[in-house]
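When a ligand or atom number is given, it counts from 1 through the structure's own listing order.
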Amino acid sequence: MKTIFVVDDSDTNLSMVETALEDQYNVITIPSAQKMFLFLKKLTPDLILLDIEMPEMNGIEALQKLKSSEEYRNIPVIFLTGRKDIDIEVSGFRIGAVDFITKPFSEVILKNRVKTRLGIDQIIRERTAQLYKLKDGVISVLAEIVEYRDISVKGHVDRTTEYMKILINAMKERGVYADELQKWDIDTIVSSARLHDIGKIVVSDEILNKNARLNSDEYEIVKCHALEGERIIGKIAERTKEEEFLNNAKIFAGCHHERWDGTGYLRGLKGTEIPLQGRIMAIIDVYDALVSKRPHRNAYTDEEAVEIIMQKIGKKYDPKIAEVFYEVKDHFKAVRKNAS
Ligand SMILES: [Fe+2]
């Protein structure tokens, strides 16, 4: 049963709304906006019916407070207003109310407005979930296209996704780069990292699957995958206007071969000039490469791979992140073992 908060300083109004809606919804009546915020700490409603004229905190102020909160801003709010006032309605819509119901209201109008609103929200939620699924599917297939062609990296994308979750969570727990991590939506970051090698799509099969070490010309061609990755993701962004996910994907693609001492590519960025995404991916990417068999060499053991990475702290890798990596190396090993 869907939950509706009704917030009004008039007991008569509260009981009228409750009577009208209680057979279909879980109605919670609340006598003031301040109390509504206390209830919100315990329960998130599907809809709030909010009176405008209330002492202390009025409905407009309460809505502004809701909209400024990450947690509550998506809860739909319908205003209950005592008189038809166009100016109030306009400003209410501007700050994010979804509808107005004028008091005294008819039970039929109230029931229908509430039903319509909740129906719309349900459709939006279902569509959004479908779009997310579609997006994840398309990303996975795009990333796998590279894996189909480059047989030596089979499973690389899935493993790096797991490594990334481990490393980012461990960094969070230890407060490493806490300010930056706090701003990240971890699911978006982890998912966008899956496209880091998408630019390899332009590298020929011959080079990708060469059964020997690459010569310097071939290596130069492989290096282009960072720029190509940025370009491909940039094109998707131009067409879709999506920002958060694709911006991150672009950063991963363009920066995962940068090195802490400035000797990497694409741009030779140094230290914290390299975006955090790139500094994290650099360690994960190389760990997975080292523990994987390549056409020209055998796989290193997990211990050897860790050793090789630790020798390059401060040269190739960010010392703070590498330290966390060292602490969770057994979890990396477990992922690798499960995958093989
Ligand atoms: Fe790469």
Side-chain angles (χ1 to χ4, degrees), residues 139-164 167-168 189-210 213-236 246-269 273-297 299-300 305 308-309 312 315-318 321-322 325 332 335-336 339:
I139 293 158
S140 293
V141 171
L142 273 176
E144 279 165 20
I145 288 171
V146 172
E147 289 191 358
Y148 286 136
R149 293 185 53 230
D150 184 350
I151 42 175
S152 67
V153 299
K154 199 171 179 317
H156 173 70
V157 174
D158 282 343
R159 288 189 303 270
T160 50
T161 302
E162 292 309 309
Y163 297 144
M164 181 151 298
L167 192 51
I168 291 179
I189 292 280
V190 170
S191 166
S192 65
R194 292 174 74 81
L195 294 179
H196 68 278
D197 270 340
I198 188 73
K200 280 192 181 169
I201 223 149
V202 300
V203 181
S204 72
D205 286 348
E206 267 173 311
I207 295 178
L208 282 182
N209 293 310
K210 189 177 171 186
R213 217 170 242 293
L214 299 178
N215 65 36
S216 61
D217 287 348
E218 290 162 342
Y219 186 54
E220 286 305 313
I221 292 172
V222 169
K223 278 164 75 174
C224 291
H225 81 277
L227 184 60
E228 273 306 317
E230 279 192 353
R231 198 184 59 79
I232 292 166
I233 295 162
K235 280 210 151 187
I236 306 173
L246 291 170
N247 276 345
N248 278 301
K250 204 169 162 185
I251 294 171
F252 276 116
C255 299
H256 70 284
H257 289 289
E258 298 287 3
R259 290 180 178 173
W260 185 252
D261 63 3
T263 59
Y265 61 96
L266 180 63
R267 299 185 173 85
L269 301 176
E273 281 173 9
I274 307 165
L276 186 56
Q277 294 92 325
R279 284 178 272 145
I280 292 173
M281 196 60 180
I283 294 178
I284 289 170
D285 200 28
V286 86
Y287 176 83
D288 193 60
L290 289 169
V291 296
S292 303
K293 192 177 172 333
R294 286 288 188 261
H296 62 281
R297 64 155 171 82
Y300 290 95
I308 292 169
I309 291 171
K312 300 288 181 192
K315 291 179 186 137
K316 289 187 180 179
Y317 311 112
D318 181 327
I321 303 174
F325 159 73
F332 272 57
V335 169
R336 203 265 311 148

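For the Fe ion (ligand 1), the tally of protein N/O/S atoms lying closer than 2.8 Å stands at 4.
Between the side chain of E230 and the backbone N or O of L227 there is no donor-acceptor pair closer than 3.5 Å.
In this structure the side chain of L167 never reaches within 4.5 angstrom of the side chain of M164, judged on heavy atoms. The shortest side-chain heavy-atom distance between H156 and E147 falls under the 4.5 Å cut-off. Side-chain contact between V157 and D197 is absent, with no heavy atoms from C-beta onward closer than 4.5 Å.
Between F325 and Y287, the ring center distance clears the sub-6.0 Å criterion.
Note: Y219 and Y265 have perpendicular aromatic rings, judged against thresholds of 30 and 60 degrees for the angle between ring planes.
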